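Accompanying notes for the structure given below.
Atoms within each ligand, like the ligands themselves, are counted from 1 in listed order. No experiment lies behind these values; they were computed from the predicted model shown.
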Amino acid sequence: MRTPVSIVTGSAQGIGRAISLALAKEGAKLVLVDIDEKRLESVGREVKKIGSKPLLVKADISRFEDVERIVKTTIAEFKRIDILVNNAGFCSRRPLSEISESEWDRLMKVNLKGTFFLSQKVLILMKRQRRGKIINIASLAGKIGGIAVGADYAASKAGVICLTKSLAKEGGSYRINVNCVCPGVIKTRITSSLSKKMIEGYKKAIPLGRIGSPEDAANAVLFLASKKADYITGETLDVNGGLFMD
Ligand SMILES: NC(=O)c1ccc[n+]([C@@H]2O[C@H](COP(=O)([O-])OP(=O)(O)OC[C@H]3O[C@@H](n4cnc5c(N)ncnc54)[C@H](O)[C@@H]3O)[C@@H](O)[C@H]2O)c1
């Protein structure tokens, strides 16, 4: 099989880093995208050690012109896009009554608008190729609403889950699979502000008895990006240790 060309957004740390390293181990040609140039370069070096030569793109996915540049640069370098992982995002923890208009706008621009327009541009190319896989990173909060996280964050991730289904319907007849992963509580920068007491509370509530690792989430992405998931589309895969089951 041809080496898949894979774009991973938010790849400079956390879940995106783990996804990038996992795809590199599978031999993928990687396009690593992040707003944080320093950390991006560091992950680029890790990927090189595995044997893949990544293309690094410093970009803010909330900016339409950056989204266009990500796609253009990838095509100029690799001629095609086989896998897109929309992982870049951030979390808010503001009480509902305190969320300002500018905070709402910024969060929606990154978590939902960025995911939407990058998927839109990539889907056009994948349709021409008549093949491709898109994996969106949503969140448990997008299913159950915000508890430890803000209502704005939960709403953005609910949007990502629904967008996944629309994209899956659009891409199905072109053999394009679109799925999403819903992480629960994963040990990254996003959860680093949670108190010890909260973490202990989660551990008690999680049937598998532990907080997830970035690699736990990356493994789910790897599966959805693989041939083994060729007959799965529009699906939401929970990676939460059993914290929530539906
Ligand atoms: N950690 C968790 O418990 C958890 C749970 C559910 C969902 N998620 C989701 O997983 C994804 C990854 O989160 P993480 O925990 O690894 O967080 P993280 O903060 O460790 O990493 C996020 C990365 O995205 C990048 N990024 C943020 N905004 C960007 C932008 N506008 N353009 C380009 N890059 C941008 C950051 O620079 C960072 O490198 C996010 O979408 C998050 O909402 C995380």
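Using a 4.0 angstrom heavy-atom cutoff, N87 counts as in contact with ligand 1. A heavy-atom separation below 4.0 Å is not found between G212 and ligand 1. In this structure, A138 has a heavy atom closer than 4.0 Å to ligand 1. The closest approach between K157 and ligand 1 falls below 4.0 Å for a heavy atom of the residue. The shortest heavy-atom distance from A59 to ligand 1 is under 4.0 Å.
Side-chain atoms of N136 and T164 form a donor-acceptor pair, as typed in the model, at a separation below 3.5 Å. Side-chain atoms of D105 and S102 form no donor-acceptor pair, as typed in the model, at a separation below 3.5 Å.
Atoms of ligand 1 found under 4.0 Å from any heavy atom of Y153 (numbered from 1 in listed order, with element): 6 (C), 7 (C), 8 (N), 9 (C), 42 (C), 43 (O). Less than 4.0 angstrom separates some heavy atom of I61 from each of these atoms of ligand 1: 30 (C), 31 (N), 32 (N), 33 (C).
Using a cutoff of 4.0 Å between basic side-chain nitrogens and carboxylate oxygens, D246 and K143 are scored as salt-bridged. With respect to E77 and K29, no salt bridge is recorded, no charged nitrogen being found less than 4.0 Å from a carboxylate O. Between E200 and K203 there is a salt bridge, since at least one side-chain N of the basic residue sits less than 4.0 Å from a carboxylate O of the acidic one.
If you look at I35 next to ligand 1, the close heavy atoms, those under 4.0 Å, come from the backbone and the side chain alike.
Looking at V110 next to ligand 1, no N or O pair under 3.5 Å apart turns up. Checked against a 3.5 angstrom limit, the closest N/O atoms of T191 and ligand 1 fall outside it. Polar contact check, D34 against ligand 1: a nitrogen or oxygen pair lies under 3.5 Å apart. Residue F90 places no N or O, backbone or side chain, under 3.5 Å from any N or O of ligand 1. Backbone and side-chain nitrogen or oxygen atoms of I15 are examined, and one is located within less than 3.5 angstrom of a nitrogen or oxygen of ligand 1. Polar contact with ligand 1: absent for S62 (N/O pair, distance under 3.5 Å). Remark: ligand 1 and S139 share no N or O pair separated by less than 3.5 Å (distance only, no angle test).
The nearest heavy-atom contact from the protein to atom 31 (N) of ligand 1 is D60 OD1, 2.9 Å.
E65 CD: more than 12 foreign heavy atoms inside a 6.0 Å radius.
F90 and V67 fall within a single hydrophobic cluster, where Ile, Leu, Val, Met, Phe, Trp and Tyr side chains are chained together by heavy-atom contacts under 4.5 Å.
Formation of a donor-acceptor pair under 3.5 Å by the N87 side chain with backbone atoms of G10 is found in this model. No donor-acceptor distance shorter than 3.5 angstrom exists from the side chain of D34 to the backbone of L40, with no hydrogens or angles considered.
Taking the side chain as every heavy atom from C-beta outward, L194 and K187 never approach each other to under 4.5 Å.
Counting only non-hydrogen atoms, the option in S156, G89, G16 that gets closest to atom 22 (C) of ligand 1 is G89.
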